[in-house]
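In what follows, a single structure is set out as structure tokens and then discussed.
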Amino acid sequence: MRVRHLAGAAAAAAALVAIAGPAATAQAETGIFRYSLPGGNEGSIEDPMTYQCYELESPDKPVSLGFNNTVFVAELYADGGCSHPVGTEVRPNSGFSSDPSLGVQFRPANAPVEQAPAATPGASTTTLP
């Protein structure tokens, strides 16, 4: 009887993967990058991918405070296209206070900076109320 229950559970799990597809389970949890916006609001980037440029907000709302609770090193940029670094790298599980920043890019903590590929603009973020 117990074997039948386990077989049924395995079949249900297989059906869920078939319906949702492998992409639903491919993204690993990498953490949350949180930042403070002018006016007291907060924003975040959940489970960022490496070497992708994330625009933090709009040009009239630069970011200068936050916390990197991801497994990656976060590098802050003066522009939303990640072309002009501000010189601030934020280690995993660390807070930051920096020059005004409009973009961020993540890289593995053990990867040298010079091996990072070109940025990919167009990523989105979430603004928290």
Side-chain angles (χ1 to χ4, degrees):
M1 182 105 151
R2 185 162 173 83
V3 172
R4 224 181 292 164
H5 176 70
L6 291 176
L16 180 62
V17 170
I19 292 169
T25 58
Q27 174 68 32
E29 290 186 22
T30 57
I32 299 175
F33 182 84
R34 296 184 189 280
Y35 50 91
S36 298
L37 297 168
N41 290 329
E42 291 185 356
S44 68
I45 301 170
E46 294 186 27
D47 300 326
M49 296 191 312
T50 55
Y51 303 117
Q52 181 170 335
C53 180
Y54 292 86
E55 188 173 18
L56 294 174
E57 277 300 314
S58 60
D60 62 334
K61 296 181 181 178
V63 171
S64 56
L65 294 170
F67 195 84
N68 180 17
N69 194 24
T70 72
V71 297
F72 304 125
V73 171
E75 183 168 7
L76 299 172
Y77 290 84
D79 63 310
C82 298
S83 299
H84 306 286
V86 296
T88 301
E89 287 189 351
V90 188
R91 304 288 307 164
N93 302 310
S94 299
F96 67 91
S97 176
S98 73
D99 288 335
S101 304
L102 296 172
V104 63
Q105 189 176 57
F106 300 89
R107 65 176 166 77
N110 58 355
V113 175
E114 58 273 1
Q115 289 185 358
T120 306
S124 63
T125 60
T126 303
T127 300
L128 303 175

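Values below: all heavy atoms of this structure, side chains included; hydrogens, waters and symmetry mates excluded.
- Y54 and L37 fall within the same hydrophobic cluster, where Ile, Leu, Val, Met, Phe, Trp and Tyr residues are linked whenever their side-chain heavy atoms come under 4.5 Å apart, directly or through other members.
- I45 CD1 to I32 CD1: the interatomic distance, rounded to the nearest 0.5 Å, is 11.0 Å.
- The two atoms that bring P100 and V86 nearest to each other are O-CG1, 3.8 Å, heavy atoms only.
- We find the CD-OG distance between E75 and S101 to be 10.0 Å, quoted to the nearest 0.5 Å.
- What you find for S36 and V63 is that their closest heavy atoms are O-CG1, 3.9 Å.
- S64 is not listed as a side-chain neighbour of D99, based on a closest heavy-atom distance of 4.5 Å or more.
- Partners of S97 according to the side chain to side chain donor-acceptor pair (under 3.5 Å) rule, which considers only residues two or more places apart in sequence or in another chain, do not exist here.
- Taking every heavy atom of both residues into account, Y35 and S44 meet most closely at CE2-N, 3.6 Å.
- To the nearest 0.5 Å, the span separating CG on D79 from CD on E55 amounts to 9.0 Å.
- Transitive grouping of hydrophobic side chains (ILVMFWY, heavy atoms separated by less than 4.5 Å) brings V104 and V90 into a common cluster.
- At a threshold of 4.5 Å between non-hydrogen side-chain atoms, the residues Y51 and R107 count as touching.
- When all heavy atoms of D47 and E29 are compared, the closest pair comes out as OD1-CA, 3.4 Å.
- For the ring pair (Phe, Tyr, Trp, His ring centres under 6.0 Å) condition, the pairs that include at least one residue of residues 81-101, sequence neighbours left out, are F33-F96.
- The two residues F106 and A74 come nearest to each other via the heavy atoms CE2-CB, 3.6 Å.
- When all heavy atoms of T50 and P108 are compared, the closest pair comes out as CG2-CD, 3.7 Å.
- Put simply, the side chain of T70 gets close to the backbone of F72: a donor and an acceptor are under 3.5 Å apart.
- With values rounded to the nearest 0.5 angstrom, N69 atom CG is found 5.0 Å from N93 atom CG.
- Residues M49 and L76 share a single hydrophobic cluster, defined by chaining ILVMFWY side chains whose heavy atoms lie under 4.5 Å apart.
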